[in-house]
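Notes for the one structure printed next.
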Amino acid sequence: MKIESKITEAVKAIVEELYGQQVPDKMVQLQQTRPEFEGQITLVVFPFTKMSHKAPDATAQEIGERLVEKLPDVISKFNAVKGFLNLSISSRQWISLLQEIESNPKFGFVPVTDESPLVMIEYSSPNTNKPLHLGHVRNNLLGWALAQVMEANGNKVVKTNIVNDRGIHICKSMLAWLKWGNGETPETSGKKGDHLIGDYYVAFDKHYRDEVRELVEKGMDEEQAKQEAPLIKEAHEMLVKWEQNDPEVRGLWKKMNEWVYAGFDETYKALGVSFDKIYYESETYLEGKEKVEEGLAKGFFYRREDGSVWADLTSEGLDEKLLLRSDGTSVYMTQDIGTAKLRFQDYPIDKMIYVVGNEQNYHFQVLSILLDKLGFKWGKDLVHFSYGMVELPNGKMKSREGTVVDADDLIATMIADAKELSADKVNKLEGITDEEAQEIARIVGMGALKYFILKVDARKNMLFNPEESIDFNGNTGPFIQYTYARIRSILRKWNDEITLDEKAFEVELAEKEINLIQRLQGFEAAVKQAGQDYNPSCIANYCYDLVKEYNQFYHDFSVLKEEDKAKQQVRLMLSAAVGQVVKNGMGLLGIEVPERM
RNA sequence: GGUCUGGUAGCUCAGUCGGAUUAGAGCAACAGCCUUCUAAGCUGUGGGUCAUGGGUUCGAGUCCCAUCCGGAUCACCA
């Protein structure tokens with residue numbers, strides 16, 4: 001049993017004895033004692049002063065005396081400062097706690113059982129007309145990390161992806177390829193499939209803008225020119241053919257999408273993300289209509305004179321929302337309803353989490369209400385895991401202006417940088433093969449990228465400076481990985497020494513060591529909080545704080561050889577436990593930790 | 001304009017449920033530390049009106065209200 005739980009229970013009993021009142025757990029506020037005071041755990045007694053009718057310090061004194069009587073093995077002494085009751089915990093307690101942490105490889109995780117709720121997480125959700133960029137990277141990393149966190153909190157997790165594989169944007173790429181592609185394929189061009197298609201999308205846009213400009217020069221209104229340009233008309237014709245299942249168009253569409261998927265798979269693999277179930281919009285986009293008709297029949301929605309179907313959400317404080325166009329075709333919202341329907345057929349979903357940018361906050365607010373009205377039990381409290389945009393120093397990323405950061409380029413750059421950096425430190429890594437060096441560079445480069453993105457609060461917009469932002473010093477992934485590698489190095493040399501005997505329990509622990517154990521214990525809370533707030537960033541910051549504290553401690557470690565055996569064992573155990581927790585924490589973020597670097 | 005969201009050091013970011021006369025990291029600047037398990041590290045110095053004003057209370061960066069500034073969104077686009 002955790003030390004804090006023991007204390008919490010004892011305090012509750014004492015308060016009842018002394019003041020005759022039962023108090024809830026959360027009224028017993030325990031925190032780490034400030035370094036300038038004696039003790040390790042502090043009870044905040046202010047909440048109890050109203051019951052005791054005594055001054056804060058008198059109340060603290062009173063509770064302290066009873067605590068020592070009640071838990072003599074746990075609390076060695078106490079002191080009261082104002083309303084703060086500082087408790088000194090015996091070394092024996094700390095060391096057995098350490099032992100618990102070290103011996104449990106799943107420390108901090110709640111096991112998943114048959115009764116666990118099923119959480120579905122949708123993330124990534126790319127369009128198939130262009131390669132992934134930095135914004136997608138943030139989405140993918142957050143989605144993956146969140147899936148890990150939810151699982152660590154004892155949920156069954158299904159990771160899903162809805163691929164937007166149809167629509168006018170795909171037709172643009174297809175058309176451009178037909179016109180100017182000369183049958184180019186990923187094989188003949190040597191380009192990754194998604195980049196190849198992306199290039200044709202750009203080509204379309206360029207020619208299209210030329211056409212629009214020409215029309216405007218001839219005196220046409222710009223809005224009209226955008227509608228009338230031959231290329232866009234042709235693209236629309238292609239879309240109509242696609243919807244009519246024209247074999248030729250469908251064949252081309254299929255072929256080009258396969259190229260894109262092959263490209264995406266490479267990027268996903270490099271990012272270390274995967275999915276349990278992929279949905280394609282081409283297969284789900286018609287599904288929503290049925291549900292809308294159902295809602296119409298039940299009177300949730302209404303039809304206007306022109307035939308379009310709307311939901312009136314003004315009573316919810318929102319606007320009216322279009323669900324079916326006047327020509328009967330579906331819109332974005334309808335498709336999401338359809339996808340929800342299919343998903344619920346496939347899985348007994350208890351909770352649905354959508355990892356989608358904050359630009360769609362309104363959309364998901366509406367979707368939640370609509371799904372609820374349509375009878376999805378998880379609709380009302382679906383979670384829109386809404387993350388902020390990634391900004392560049394000169395503003396936002398805009399594909400049209402060429403200010404996007406391509407995911408594949410970024411990954412390659414990070415790994416190359418890591419390799420270059422480690423080349424300077426090559427003296428440390430004598431005797432490793434090129435393959436090993438490459439693998440370490442991959443782990444470190446990706447670690448830097450992932451940590452950089454995940455350490456920031458997901459909700460906030462973040463700034464990404466390609467030149468300066470990613471650093472391998474300071475609060476970074478490599479710093480944490482480096483510490484892990486050093487711990488592994490220590491353990492490789494000393495591993496046999498970790499066999500805690502009875503004598504070790506008598507070791508007097510230094511302040512720093514106790515702080516570290518307390519921090520290790522805090523991992524559980526960090527995981528729990530990340531699950532509650534749907535926010536992986538607190539895990540990242542936890543890992544950093546832990547490693548930072550360990551690193552400071554590490555400098556006193558050199559006396560190890562001269563220390564007595566028992567103290568060595570405790571310290572090695574402490575290192576092992578830190579390594580373990582770091583590995584668990586980074587694992588939740590999808591960041592690998594290297595054995596050496 | 002309505003709704004949502006953010007504002008903490010020159011820059012990028014933490015800050016748990018409201019807790020301790022002194023709000024933390026990193027980067028950048030300056031000064032130290034490599035015969036001892038990895039210096040991608042450690043130690044020190046300087047740098048703050050927690051946007052502004054009010055309120056709630058034993059106590060506010062944290063909660064409430066107002067104001068200022070930024071961002072998103074409010075399509076028969078996805």
Side-chain angles (χ1 to χ4, degrees), chain A residues 26-27 29 31 33-34 36-37 42 44 46 49-50 55-56 81-84 86 125 127 164 166-169 281 285 304 306-310 317-319 321-327 329-333 335-336 357-363 365 386 388-389 391 393 396 418 421-422 424-425 427-429 444 448 452 455-457 459-465 468-469 471-483 485-494 522 525-526 528-529 533 537-538 540-542 544-545 548 551-552 554-555 557-562 572 575 596-597:
Chain A
K26 69 172 203 179
M27 222 169 143
Q29 293 174 43
Q31 55 185 262
T33 305
R34 298 272 155 165
E36 59 266 34
F37 300 100
T42 294
V44 183
F46 286 109
T49 51
K50 275 179 187 154
V81 180
K82 296 185 193 167
F84 299 95
N86 304 319
S125 310
N127 289 355
N164 183 12
R166 59 162 282 281
I168 189 72
H169 48 287
E281 223 173 75
Y285 82 110
R304 285 190 185 168
D306 62 3
S308 56
V309 176
W310 295 75
L318 302 171
D319 292 333
K321 193 76 189 174
L322 177 78
L323 295 174
L324 289 177
R325 296 191 185 99
S326 47
D327 62 6
T329 57
S330 54
V331 293
Y332 183 36
M333 187 63 75
Q335 291 172 27
D336 259 349
N358 62 11
E359 62 208 345
Q360 293 191 28
N361 284 353
Y362 182 71
H363 173 80
Q365 214 180 332
S386 159
M389 301 290 102
E391 286 162 15
K396 288 187 205 341
L421 190 62
S422 69
D424 298 341
K425 328 268 178 200
N427 52 330
K428 284 189 289 178
L429 292 171
V444 172
F452 181 80
K455 76 174 174 187
V456 181
D457 188 334
R459 286 166 303 182
K460 292 184 180 175
N461 289 0
M462 64 176 287
L463 185 78
F464 183 89
N465 184 331
E468 300 163 24
S469 286
D471 200 333
F472 293 81
N473 298 310
N475 185 357
T476 64
F479 169 68
I480 297 168
Q481 291 172 318
Y482 174 67
T483 307
R486 263 192 351 231
I487 287 173
R488 298 304 300 167
S489 175
I490 291 171
L491 295 178
R492 271 196 296 276
K493 286 176 184 162
W494 295 81
K528 195 173 163 193
Q529 198 191 332
D533 300 353
S537 77
C538 63
N541 288 301
Y542 169 83
Y544 176 70
D545 288 345
K548 177 93 181 148
N551 260 343
Q552 290 160 8
Y554 171 81
H555 278 257
F557 217 95
S558 54
V559 291
L560 193 69
K561 280 180 192 172
E562 288 75 38
L572 284 169
S575 295
R596 58 186 82 210
M597 67 184 267

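Any value given below was found using the heavy atoms of this structure, including those in side chains, with hydrogens, waters and symmetry copies removed.
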Original post:
Please give, in whole Å, the distance from B:U3 P to A:Asp319 CG?
Top reply: 11 Å
Original post:
Are any of the side-chain nitrogens in A:Asp327 or A:Arg325 under 4.0 Å away from the carboxylate oxygens of its partner?
Top reply: no
**OP:** Would you kindly give the CG-to-C1' distance between A:Leu322 and B:A78, to the nearest whole Å?
**Re:** 13 Å
Original post:
Touch check for A:Thr42, heavy atoms < 4.0 angstrom, all strands: base, sugar-phosphate only, or nothing?
Top reply: base
Subject >> Rounded distance (Å) that lies between atom C1' of B:G19 and atom CG of A:Asn86 >> reply: 12 Å
**OP:** Indicate the atoms forming the closest heavy-atom contact of A:Leu322 with A:Val331, along with that distance.
**Re:** O-CG2, 3.5 Å
Original post:
Can a side chain N or O of A:Lys548 be found less than 4.0 Å away from OP1 or OP2 on B:G26?
Top reply: yes
Original post:
A:Tyr332 has an atom OH; how far is it from atom P of B:C74, in whole Å?
Top reply: 11 Å
Subject >> Proximity to the side chain of A:Arg325 - top-ranked nucleotide from B:C42, B:C37, B:A78 >> reply: B:A78
Original post:
A:Asn541 side chain: which of B:G26, B:U38, B:A14 is closest?
Top reply: B:A14
Subject >> Contact under 4.0 Å: A:Lys321 side-chain N or O vs B:A75 OP1/OP2 >> reply: no
**OP:** Would you indicate which nucleotide in B:U73, B:U38, B:A40 comes nearest to any side-chain atom of A:Tyr362?
**Re:** B:U73
**OP:** Identify the heavy atoms of A:Leu491 and A:Leu572 that sit nearest to each other, and give their distance.
**Re:** CD2-O, 4.0 Å
Subject >> Protein-to-nucleotide contact annotation, 5' to 3' order, nucleotides 6-12 of chain B [B base; S sugar-phosphate only; - none; under 4.0 Å, heavy atom] >> reply: SS----S
Original post:
Watson-Crick or G-U wobble partner for B:G41, using a 3.5 Å limit on both distances?
Top reply: B:C33
Original post:
Going by modelled atom types, is there a donor-acceptor pair between the base of B:A40 and the side chain of A:Thr483 at under 3.5 Å?
Top reply: no
**OP:** Check whether any side-chain nitrogen or oxygen of A:Asn473 sits under 4.0 Å from OP1 or OP2 of B:G41, and answer yes or no.
**Re:** yes
Subject >> Nearest-Å distance once atom C1' is located in both B:A28 and B:U36 >> reply: 33 Å
**OP:** Answer whether the closest heavy-atom distance between the side chains of A:Asn361 and A:Asn358 falls below 4.5 Å.
**Re:** yes
Original post:
Does the side chain of A:Gln552 get closer than 4.0 angstrom to OP1 or OP2 of B:U43 through an N or O atom?
Top reply: yes
Original post:
Pick the nucleotide of RNA chain B nearest each of A:Phe464 and A:Phe472; which residue has the one closer to the 5' end?
Top reply: A:Phe464
Original post:
Does A:Ser489 place a side-chain N or O at less than 4.0 Å from the phosphate oxygens OP1/OP2 of B:U38?
Top reply: yes
Original post:
Just wondering, do A:Ser308 and A:Leu324 contact through their side chains at under 4.5 Å, heavy atoms?
Top reply: no
Original post:
How are the rings of A:Tyr332 and A:His363 set relative to one another: parallel (under 30°), tilted (30 to 60°) or perpendicular (over 60°)?
Top reply: parallel
Original post:
Applying a 3.5 Å limit to both distances, which nucleotide forms a Watson-Crick or G-U wobble pair with B:C68?
Top reply: B:G7
Original post:
For residues A:Thr476 and A:Asp471, is any side-chain donor paired with an opposing acceptor at under 3.5 Å?
Top reply: no
**OP:** With C1' as the reference atom in both, quote the distance from B:G46 to B:G32 in angstrom, rounded to an integer.
**Re:** 16 Å
Original post:
Paired with B:C50 by Watson-Crick or G-U wobble geometry, both distances under 3.5 Å: which nucleotide is it?
Top reply: none
**OP:** Please state the C1' separation for the pair B:A66 and B:U56 - nearest whole angstrom.
**Re:** 15 Å
Original post:
Quick one: does A:Gln481's side chain get under 4.5 Å of A:Phe472's, heavy atoms only?
Top reply: no
**OP:** Quick one: closest heavy-atom pair of A:Asn461 and A:Glu391, and the distance?
**Re:** ND2-OE2, 3.1 Å
Original post:
Roughly how many Å is it from CH2 in A:Trp310 to C1' in B:A75, rounded to a whole number?
Top reply: 8 Å
Subject >> Rounded P spacing from B:G41 to B:U57 in Å >> reply: 48 Å
**OP:** Any strand is fair game: report the nucleotide pairing with B:U73 by Watson-Crick or G-U wobble, both distances under 3.5 Å, or none.
**Re:** B:G2
Original post:
Glycosidic conformation of B:C17, syn or anti, with 90° from 0 as the boundary?
Top reply: anti
Subject >> A:Leu323 side chain near A:Met333 side chain, heavy-atom distance below 4.5 Å >> reply: yes
**OP:** Could you check whether A:Asp545 gets within reach of a base, just the sugar-phosphate, or nothing at all, counting any heavy atom under 4.0 Å?
**Re:** nothing
Subject >> Partner nucleotide, any strand, of B:U22 [Watson-Crick/G-U, under 3.5 Å] >> reply: none
Subject >> Gap in Å between the two C1' atoms, one belonging to B:C17 and one to B:G61, rounded >> reply: 15 Å
Subject >> Residue A:Gln529, side-chain heavy atoms: nucleotide from B:U16, B:A78, B:C42 that is nearest >> reply: B:U16
**OP:** Grab the two heavy atoms, one from A:Met389 and one from A:Gly357, that are nearest each other, plus how far apart they are.
**Re:** CE-CA, 4.0 Å
Original post:
With respect to the side chain of A:Asn127, which nucleotide from B:A40, B:A78, B:A39 is positioned closest?
Top reply: B:A78
Subject >> Rounded distance in Å between the C1' positions of B:C69 and B:C50 >> reply: 16 Å
Subject >> P gap between B:A40 and B:U45, integer Å >> reply: 24 Å
**OP:** Classify the nucleic acid contact of A:Asp336 as base, sugar-phosphate or nothing, counting any heavy atom under 4.0 Å across all strands shown.
**Re:** nothing
Original post:
If you measure from the P atom in B:G26 to the same atom in B:C4, how many Å do you get, rounded?
Top reply: 38 Å
Subject >> Presence of A:Arg492 side-chain N/O under 4.0 Å of B:U38 phosphate oxygens OP1/OP2 >> reply: no
Subject >> Ring center gap for A:Tyr544 and A:Phe479 short of 6.0 angstrom >> reply: yes
**OP:** Remember a base hit wins even if backbone is also touched, and classify A:Phe479 as base, sugar-phosphate or nothing at under 4.0 Å, heavy atoms.
**Re:** sugar-phosphate
Original post:
When the distance from CD of A:Gln481 to P of B:A39 is rounded to whole Å, what number comes out?
Top reply: 17 Å
**OP:** Check whether any side-chain nitrogen or oxygen of A:Tyr482 sits under 4.0 Å from OP1 or OP2 of B:A40, and answer yes or no.
**Re:** yes
**OP:** Can you tell me the distance, in whole Å, between the OH atom of A:Tyr542 and the P atom of B:C13?
**Re:** 24 Å
**OP:** Would you classify A:Gln365 as touching base, sugar-phosphate or nothing, given that sugar-phosphate means primed atoms plus P, OP1 and OP2, and contacts are heavy atoms under 4.0 Å?
**Re:** nothing
Subject >> Proximal nucleotide (of B:C37, B:A20, B:A78) relative to the A:Ile490 side chain >> reply: B:C37
Subject >> A:Asn461 side chain, from C-beta outward: closest of B:A40, B:G71, B:G26 >> reply: B:G71
**OP:** Take atom CG of A:Asp471 and atom P of B:A40, then tell me their distance rounded to the nearest Å.
**Re:** 13 Å
**OP:** Identify, between A:Ser537 and A:Tyr544, the residue whose nearest nucleotide on RNA chain B lies closer to the 5' end.
**Re:** A:Ser537
